[in-house]
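A short worksheet on the structure shown next.
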Amino acid sequence: MLASPQPAPEGLEKPWQALLEHLEKIRPLHLRDIFSEDPDRFDKFSIQFDELFLDYSKNPITEETLELLFELARQADLSGWIERMFRGEKINNTEGRAVLHVALRNRANTPIKVDGRDVMPEVNAVLQQMQTFTESVRNGTFSGHTGRPLEHIVNIGIGGSDLGPRMVSTALRPYWKPGMKAHFVSNVDGTDISEALAQADPETTLFIIASKTFTTRETMTNAHTARRWFLERTKGNEKAIARHFVAVSTNAEAVRAFGIDEANMFRFWEWVGGRYSLWSAIGLPIALLVGMERFEALLAGAHAMDNHFRHAPFERNMAVILGLLDIWQRNFLGTGNHAVLPYDHSLRLLPAYLQQADMESNGKGVTRDGTPVQHHTGPVVWGQPGTNGQHAFFQLMHQGTEPVPADFILPAQSHHSLEEHHRILAANCIAQTEALMKGKTASEVRRELTAAGLPEEEIERLVPHRTFPGNRASNTLLMKKLTPYNLGALIALYEHRIFVQSVIWNINAFDQWGVELGKQLAADIEAALASDAPCSGHDSSTNGLVNKFKEMTT
Ligand code: F6P
């Protein structure tokens, strides 16, 4: 456990100390009181960008808090880091790579150079390839091997090669071409691919094998199973594979070795991180389902947010404000988790998507130069769509001992015509933010129970149980409507907010060495499971579990 208060990141001691001193002024305040003292609080602490509106007034902050946080960002050279990223410098220093998801949606097409070479012509060429392919599948000119249209997309990928396209496709369901079906297979658990194949038709299914490396064990195992399934049903027709299998990868050699023609391969580049890749050809399932024009609108929304992030002053910069509020929560108020609560069923996969985006990026324990950090880094990110969460974990959020800063996300317009449903949904979303902030005092509870006619003794027994402390922070993001453009802007907002935190913490948000050890050990254990000999090369628990598992399989 790190001590509290947490020491400053190196070089930020002065602004950090100023924030620590300021914290002592904030601690005794209750959000309920600071709201009643300042009727302009909502106007002061809210910001509009395009069709996104952020209310961050329900955070324990004053104008001074923000000024001190902006100073912290200035001292950390946040503007410099933003420029370094946008200019294609190799800020992923443990892999020697640029970080250019912003180039994938650079609709202005201004040159962005890596090693002196403009990447935009290649980005545009792949977008063009996606457009041609998408149109020909959607209009039936690229059909299955028997001439029937390809109507069932099965995307096989994991992590960034799954969560982004899966989340966005689900969010944009109202825009799908009628008749199209989609499956996203990620888990190596055979149930996942079995369920998809049970619904697939070898004449009308298009398999997209999505893997940056084309070596990921789960994806390759699922891809080979799909290939076998297909050949079994087409009497070993290898030629037909070209009509039913395409690949998205940086690894052309491995794609060829798998048996997919290079003409059916969509490239991307090492400077695109897996969890930042939905904007690349990894987004192919999205484009197939909603059409290339809408995929481009998604890119345009993200590009608009990129420009905002790059050029807006900190004081009017949504991603900077959110990222700094996260620092305030994590390092000064000491919260260890962050809830993402979309009040939109279509955004139900957003929390899972953001778990990878945030936790794989900022779940780091050493600084960019390898020194152990002395302060906390990324929090645990979790969430569920509203209103479901209210009937599950909101109890803890309101009365538990673990503070949970939360993002509430609510589109003002829905895609359905059930007005009453949308009104109830919106009312619940806004009411929860109010309840968390205000709470309910003991005297309010007493008044309520007295009015209900309860005897004095019973009232006193119930008061502690029915009191809400309040003073619990949240951000509310309103969106006009969940369109491709607005969704693009929302995702880019989160990406940049994560980057802001990493700059303050001086960590590399773009590598993920922490996933390697488990992969290596799984290979050893797989061999032990396949062997007839008892497992003995590990600790007693690991050996024992392998041997017990083998015993229980018969
Ligand atoms: O889990 C680690 C990871 O490397 C993620 O960063 C990545 O998104 C995922 O695996 C999938 O990798 P690939 O696209 O290379 O199959």
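We use all heavy atoms of the structure for the numbers below, so side chains are in, but hydrogens, waters and symmetry mates are not. When a ligand or atom number is given, it counts from 1 through the structure's own listing order.
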Just do the side chain to side chain contact (heavy atoms under 4.5 Å, CB included) check on I209 and F214 with the steps written out, would you?
CA-CA 8 Å; I209 315 300; F214 229 71; 3.6 Å; yes
N or O pair under 3.5 Å between G160 and ligand 1
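Right, the criterion is met.
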Is there a polar contact between ligand 1 and T219, counting only N or O atoms under 3.5 Å apart?
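No, there is no polar N/O contact under 3.5 Å.
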Using 4.0 Å as the upper bound for N to carboxylate O, is an ion pair formed by D261 and R243?
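Salt bridge flag = no for D261 with R243.
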May I ask you to decide whether R117 forms a salt bridge with E122, counting only side-chain N to carboxylate O separations under 4.0 Å?
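Salt bridge between R117 and E122, a charged N being under 4.0 Å from a carboxylate O: yes.
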Determine yes or no for a side-chain-to-main-chain donor-acceptor pair under 3.5 angstrom, with [X] supplying the side chain and [Y] the backbone.
X: N222; Y: N187; value: yes
X: Q129; Y: M265; value: yes
X: N264; Y: I260; value: no

So which heavy atom in the protein is nearest [atom], and how far is it from that ligand atom?
atom: atom 15 (O) of ligand 1; answer: T213 OG1, 2.6 Å
atom: atom 3 (C) of ligand 1; answer: E360 OE2, 4.3 Å
atom: atom 4 (O) of ligand 1; answer: K519 NZ, 4.1 Å
atom: atom 2 (C) of ligand 1; answer: V515 CG2, 3.5 Å

Q356: heavy atom below 4.0 Å from ligand 1, yes or no?
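Yes; Q356 lies near enough to ligand 1 that a heavy-atom distance drops under 4.0 Å.
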Would you say the ring centers of Y494 and Y353 fall short of 6.0 Å from each other?
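Between Y353 and Y494, which both carry aromatic rings, the centre distance is not below 6.0 Å.
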Nearest non-hydrogen contact with atom 16 (O) of ligand 1 belongs to which option: I158, T215, T216?
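Shortest heavy-atom distance from atom 16 (O) of ligand 1: T216.
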Quiz question for you: does at least one protein heavy atom lie closer than 4.0 Å to atom 10 (O) of ligand 1?
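False for atom 10 (O) of ligand 1.
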With heavy-atom distances below 4.0 Å as the criterion, list the atoms of ligand 1 near S161.
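The list of qualifying atoms is 13 (P), 14 (O).
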Ligand-side contact atoms (ligand 1) for residue partner G159, heavy atom cut-off under 4.0 Å
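That gives atoms 8 (O) of ligand 1.
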Please work out whether any backbone atom (N, CA, C, O) or any side-chain heavy atom from C-beta onward of Q512 is under 4.0 Å from ligand 1, and answer side chain, backbone, both or neither.
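Contact part for Q512 vs ligand 1: side chain (C-beta onward).
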About how many Å separate CE of M292 and OG1 of T132, when rounded to the nearest 0.5 Å?
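Rounded to the nearest 0.5 Å, the OG1-CE separation comes to 9.0 Å.
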